[in-house]
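Note that the structure is a prediction, hence the values are computed from the model and not measured.
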Amino acid sequence: MWQIVSYLGLAGVALCWVPQTVAVIKEGKCDLRLSLIVLSIIGSGFLGLAATFDGETPIVFAFVNAIVVVGSSINLFYKLRPRST
């Protein structure tokens, strides 16, 4: 039961970055706070490492956290280097 809840929570975290990242790529700039982006990268990165190396957590957690790191990194790129209009 709790494993299903954790999968749903993780999917929600990963999926929330998809529309945001698509909008950022289209607009060429990111209006999110820098602290949110950096903390998301750090937090998901550490969670992914823990899921990879602890031996008990399903590897899908590492994969989904990697997706969050990629999405957050794209947002960070456009935050630091917005496309000129």
#### Entry: same_hphob_cluster(V38, L36) at 4.5 Å side-chain heavy-atom cutoff
yes

### The single option from L76, N75, V68 passing side chain to side chain contact (heavy atoms under 4.5 Å, CB included) against S40
V68

### Query
Rounded to the nearest 0.5 Å, what separation is found between the CD1 atom of I74 and the CD atom of Q20?
11.5 Å

### Members besides I59 in its Ile/Leu/Val/Met/Phe/Trp/Tyr cluster (side-chain heavy atoms under 4.5 Å)
none

### Query
Which heavy atom of C30 sits nearest a heavy atom of K79, and at what distance?
O-CD, 3.3 Å

### Summary
What one should report as the nearest heavy-atom pair of T21 and G71 is OG1-O, 3.5 Å

### Message
Tell me whether Y7 at atom OH has more than 12 heavy atoms from other residues, nucleotides or ligands lying less than 6.0 Å away.
### Response
yes

### Task
Give the minimum heavy-atom separation between G45 and V69, together with the two atoms involved.
N-CG2, 3.5 Å

### Message
Using a 3.5 Å distance criterion without hydrogens, assess whether the side chain of R83 forms a donor-acceptor pair with backbone atoms of K26.
### Response
yes

## Note on the structure
Here the gap from N65 atom CG to I41 atom CD1, rounded to the nearest 0.5 Å, amounts to 12.5 Å

### Query
Between S6 and F61, which heavy-atom pair has the shortest distance, and what is it?
OG-CZ, 3.6 Å

### Message
Taking atom CG as the centre, does L80 end up with more than 12 heavy-atom neighbours from other residues, nucleotides or ligands that are less than 6.0 angstrom away?
### Response
yes

### Query
Mind checking whether V60 and L10 sit in one hydrophobic cluster, side chains of I, L, V, M, F, W, Y counted as touching below 4.5 Å?
yes

### Task
Say whether V22 and F77 are linked into one hydrophobic cluster, either directly or through other cluster members, by side-chain heavy-atom distances under 4.5 angstrom.
no

### Query
What pair of heavy atoms forms the shortest contact from I37 to S72, and how long is it?
CG2-O, 3.3 Å

### Query
Are I42 and F53 connected, step by step, through hydrophobic side chains (Ile, Leu, Val, Met, Phe, Trp, Tyr) whose heavy atoms are closer than 4.5 Å?
yes

### Closest approach of A62 to G48 (non-hydrogen atoms, all atoms of both residues)
CB-O, 3.6 Å

### Cluster overlap V13 with L49, hydrophobic side-chain contacts below 4.5 Å
yes

